[in-house]
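Down below is the structure, laid out as structure tokens.
For the single chain, residues carry numbers from 1 onward in sequence order.
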Amino acid sequence: MNQSSIYGLTLEQLRSWLPEHGQKKSRASRIWEWLYQERVHQFTDMTDVRQECLDVISEHFTMNSLSEHVKQESADGTVKFLLRLQDGNLIETVLMRQKYGLTVCVTTQVGCNIGCSFCASGLIKKSRDLSSGEIVEQIMHVQRHLDAAGQGERVTNVVVMGIGEPFDNFENMSNFIEVVKDRKGLALAAKRITVSTSGLPDKIKEFADSNLQVNLAISLHAPNNELRTHIMKINRAFPIEQLMDAVDYYLATTNKRIMFEYILLRDVNDQREHAAELAELLSSRKSMVSVNLIPYNPVDEHSQYQRSTEESILGFYDTLKKNNINATVRMEHGTDIDAACGQLRSKQMKNDASEPQAGRLALG
């Protein structure tokens, strides 16, 4: 029987849980320090916590709900982890070295049902949501990787942009954010956490009302409904008009900027006329939005899409800037490994499926 990850509890939830199981509430803070500041690997390492308390906790929780299956390291310092969950499913987590710190990209679901036609994540349909503990443990796994290197480095930024749609796992995603922001734990600043969504209008509004204070990114990838529906099937259910209504609600409610992500696909959505149409779409909101242009990492299974030329990328960027739309071109990471989101997981599952032995993992 799989145990829940203790990392899924906020400090307040742990303070409530302990008395409900015959333990002193006051022990929660010390346990929390062992988890996030000492970063121990097992409950028995909490040497100044009463054994009776540790026995109760270990009966209900685990500290190791995932394990490392594959690790790829890029020449640019990017590290991609393929992590195995207790039920045998595989997820991806990525560490990226950037000029402003160390960023971890976390996964929120096993597989993805959004069905973007260019994305490796959607090659395997969603089988379940991750618990908040399983999401937090991705951060802890990367931090322990850094600890083992002995350079005193810390995770400074988090992007919720891995496999899955975070807003389709809203409660666990929100709980994860509360845990990693806690000042007595990892103490990640809200401004250093970004959640990316494919565009669920009701959830964007709920996110605005939640007061989590973290950043929002929206995967747009097209400036009109016809093209966006072709690229992203979610647009059939939530067309651009509904999405922009939710965007306006978010901006009015939070007064926080939004970043729009735009993957450039050669001769599909990367021409100057597309950029001009995008600029028009965002024109009334341009003081509160930015566009992150993303060069495409080709995926074997989506051979209909190719990477835009340098000329097209620069032309798109130039058109946005001339229309006073703040834009950047994303710096690439891990191009010498399985760079596309979900690519390593998909490849590993194919390899596992081709293995003859009967005892291989049953993966979602």
Side-chain angles (χ1 to χ4, degrees), residues 105-109 112-116 119 121-122 126 129-130 132 135 157-178 180-181 188 190-225 227-229 231-263 269 277-294 325-328 330 341:
C105 178
V106 298
T107 283
T108 55
Q109 295 179 316
C112 183
N113 281 344
I114 297 302
C116 300
C119 183
S121 294
K126 172 191 165 184
D129 292 328
L130 294 189
S132 53
I135 307 174
N157 302 272
V158 171
V159 290
V160 188
M161 296 182 180
I163 298 171
E165 166 53 63
F167 282 0
D168 192 32
N169 188 13
F170 195 89
E171 183 176 350
N172 288 329
M173 181 272 296
S174 299
N175 208 59
F176 154 76
I177 291 173
E178 294 291 1
V180 298
K181 285 197 318 179
L188 287 168
K191 65 181 181 181
R192 292 183 173 270
I193 302 172
T194 300
V195 178
S196 175
T197 177
S198 58
L200 307 183
D202 289 347
K203 292 299 182 181
I204 290 173
K205 293 177 180 179
E206 185 176 349
F207 187 67
D209 293 334
S210 68
N211 199 35
L212 288 169
Q213 297 295 312
V214 300
N215 303 310
L216 175 64
I218 296 177
S219 297
L220 188 60
H221 308 318
N224 61 63
N225 281 321
L227 184 53
R228 192 167 192 260
T229 298
I231 296 173
M232 304 174 69
K233 70 179 184 180
I234 191 173
N235 200 71
R236 298 172 194 164
F238 306 112
I240 286 177
E241 293 79 9
Q242 290 186 34
L243 175 57
M244 289 301 161
D245 176 70
V247 164
D248 290 338
Y249 180 87
Y250 177 89
L251 294 175
T253 302
T254 67
N255 198 35
K256 289 178 64 67
R257 298 177 62 86
I258 290 178
M259 179 176 70
F260 287 97
E261 298 169 301
Y262 196 104
I263 285 183
N269 68 346
E277 193 173 0
L278 177 60
E280 177 62 26
L281 177 66
L282 301 179
S283 61
S284 64
R285 311 166 177 93
K286 60 187 175 184
S287 65
M288 294 295 291
V289 303
S290 61
V291 178
N292 190 17
L293 300 175
I294 306 171
I325 302 297
N326 186 31
T328 56
R330 177 181 290 181
C341 184

Mind listing the closest non-hydrogen atom pair of [X] and [Y] along with its distance?
X    : Y    : value
T253 : A208 : CG2-O, 3.8 Å
P166 : M173 : O-CB, 3.9 Å
A246 : I204 : O-CG2, 3.8 Å
A190 : K181 : CB-CD, 3.9 Å
N326 : V289 : CB-O, 4.0 Å
G162 : C105 : N-SG, 3.4 Å

First locate atom [atom1] of [X], then atom [atom2] of [Y], and finally report the distance between them rounded to the nearest 0.5 Å.
X    : Y    : atom1 : atom2 : value
L282 : S287 : CG    : OG    : 11.5 Å
N113 : K233 : CG    : NZ    : 6.5 Å
T254 : D209 : OG1   : CG    : 10.0 Å
I114 : I234 : CD1   : CD1   : 4.0 Å
K256 : L251 : NZ    : CG    : 11.0 Å
I325 : S290 : CD1   : OG    : 10.0 Å

Show your reasoning for whether side-chain hydrogen bond (donor to acceptor under 3.5 Å, both in side chains) applies to E165 and T197. CA-CA 6 Å; E165 166 53 63; T197 177; 2.9 Å; yes
Stepwise side-chain contact (heavy atoms from CB on, under 4.5 Å) check, L130 with V106: CA-CA 11 Å; L130 294 189; V106 298; over 6 Å; no
Would you call the rings of F207 and F167 parallel, tilted or perpendicular, where under 30° means parallel and over 60° means perpendicular?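 The arrangement is tilted - the two ring planes meet at 30° to 60°.
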Take V160 and F176, measure what side-chain contact (heavy atoms from CB on, under 4.5 Å) needs, and give me the verdict at the end. CA-CA 10 Å; V160 188; F176 154 76; 3.9 Å; yes
Residues 218-225, side-chain donor-acceptor partners within the protein, below 3.5 Å, at least two apart:
| residue | atom | partner | partner atom | Å |
| --- | --- | --- | --- | --- |
| S219 | OG | E261 | OE1 | 3.1 |
| H221 | ND1 | E261 | O | 3.3 |
| H221 | ND1 | I263 | N | 2.9 |
| N224 | OD1 | E226 | N | 3.3 |
| N224 | OD1 | L227 | N | 2.8 |
| N224 | ND2 | E277 | OE1 | 3.2 |
| N224 | ND2 | E277 | OE2 | 3.3 |
| N225 | OD1 | N235 | ND2 | 3.1 |
| N225 | OD1 | I240 | N | 2.8 |
| N225 | ND2 | E241 | OE1 | 2.9 |
| N225 | ND2 | E241 | OE2 | 3.1 |

Taking side chain as C-beta onward, heavy atoms only, is L188 less than 4.5 Å from I193?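 They are in side-chain contact.
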Would you please test K205 and D245 for side-chain contact (heavy atoms from CB on, under 4.5 Å) and show each step? CA-CA 9 Å; K205 293 177 180 179; D245 176 70; 3.0 Å; yes
Looking only at atom types and distance, does a side-chain atom of [X] sit under 3.5 Å from a main-chain N or O of [Y], one as donor and one as acceptor?
X    : Y    : value
Y249 : P201 : no
D129 : N169 : no
N292 : M259 : no

Could you tell me whether E206 atom CD has more than 12 heavy atoms of other residues or ligands within 6.0 Å of it? yes
Non-neighbouring partners of T194 that pass side-chain contact (heavy atoms from CB on, under 4.5 Å), sequence neighbours left out: V159, M161, N215, A217
Salt-bridged, D168 to K203, with N to O below 4.0 Å?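 So D168 does not pair with K203 through a salt bridge.
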Report the C-alpha separation of D202 and L200 in whole Å, then their side-chain angles, then the decisive distance to 0.1 Å, and conclude whether the side-chain contact (heavy atoms from CB on, under 4.5 Å) test is met. CA-CA 6 Å; D202 289 347; L200 307 183; over 6 Å; no
List in chain and number order the residues that pass side chain to side chain donor-acceptor pair (under 3.5 Å) with Q213, two or more places apart in sequence or in another chain; answer none if no residue qualifies. N211
